[in-house]
Amino acid sequence: MSPAALLEPGVRTGHYRRGTDTLVVAPDGTSRISAEDLAAAVLDEIEQAGGRRHIAVGY
């Protein structure tokens with residue numbers, strides 16, 4: 001699992017986008033995720049694997 005370009009502590013929003021093997025970027029070109037949302041994405045992937053060996057996550 002690859003996080004967004006900017007990974008920092010923050011608030012868990014419960015929202016993230018799951019990508020494939022490329023960086024996940026927002027329409028404004030930013031790529032970020034909070035450590036809390038990354039942790040949620042990791043747990044979601046463990047519980048309900050999407051079938052890919054590598055995924056990227058971000059907002």
Side-chain angles (χ1 to χ4, degrees):
M1 181 174 287
S2 296
L6 181 60
L7 170 64
E8 58 189 1
V11 176
R12 181 171 183 235
T13 65
H15 300 283
Y16 61 88
R17 289 188 309 147
R18 186 179 190 275
T20 56
D21 57 355
T22 58
L23 187 66
V24 175
V25 290
D28 66 359
T30 60
S31 176
R32 63 177 30 172
I33 192 166
S34 69
E36 292 80 0
D37 282 331
L38 178 60
V42 169
L43 293 175
D44 288 348
E45 187 63 21
I46 290 169
E47 292 175 351
Q48 299 175 5
R52 295 191 62 98
R53 293 188 68 188
H54 180 257
I55 63 168
V57 293
Y59 293 130

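Keep in mind the model is a prediction, meaning the values are calculated, not measured.
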Enquirer: Ser34 side chain to Val11 main-chain N or O, any donor-acceptor pair under 3.5 Å?
Expert: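 Yes, Ser34 side chain to Val11 backbone: donor-acceptor pair under 3.5 Å.
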
Enquirer: By side-chain contact (heavy atoms from CB on, under 4.5 Å), which residues pair with Thr13, not counting sequence neighbours?
Expert: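 Thr13 satisfies side-chain contact (heavy atoms from CB on, under 4.5 Å) with His15, Asp37, Tyr59 once adjacent residues are dropped.
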
Enquirer: Would you say that more than 12 heavy atoms from the other residues, nucleotides or ligands in this model lie under 6.0 Å from the CZ of Arg17, or not?
Expert: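 More than 12 within 6.0 Å, yes.
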
Enquirer: Check whether any side-chain heavy atom of Tyr16 sits under 4.5 Å from a side-chain heavy atom of Val24, and report yes or no.
Expert: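 They are not in contact (no side-chain heavy atoms under 4.5 Å apart), so the answer is no.
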
Enquirer: Does the side chain of Met1 come within less than 4.5 Å of Val42's, by heavy atoms?
Expert: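 Yes, close enough: below the 4.5 Å cut-off.
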
Enquirer: Within the distance-only criterion (no hydrogens, no angle test), does the side chain of Ser31 pair as donor or acceptor with the backbone N or O of Ala5 below 3.5 angstrom?
Expert: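 Yes; judged by distance alone, with no hydrogens or angles, the pair exists.
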
Enquirer: Can you find a heavy atom in the side chain of Thr30 that is under 4.5 Å from one in the side chain of Leu6?
Expert: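 Result no, sub-4.5 Å side-chain heavy-atom pair not found.
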
Enquirer: Just verifying a value: how many Å separate Leu38 CG and Ser2 OG, rounded to the nearest 0.5 Å?
Expert: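 Nearest 0.5 Å value for the CG-OG distance: 9.5 Å.
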
Enquirer: CZ/Arg32 to CD/Glu8 distance, rounded to the nearest 0.5 angstrom?
Expert: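 Atom-to-atom, Arg32:CZ and Glu8:CD are 6.0 Å apart.
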
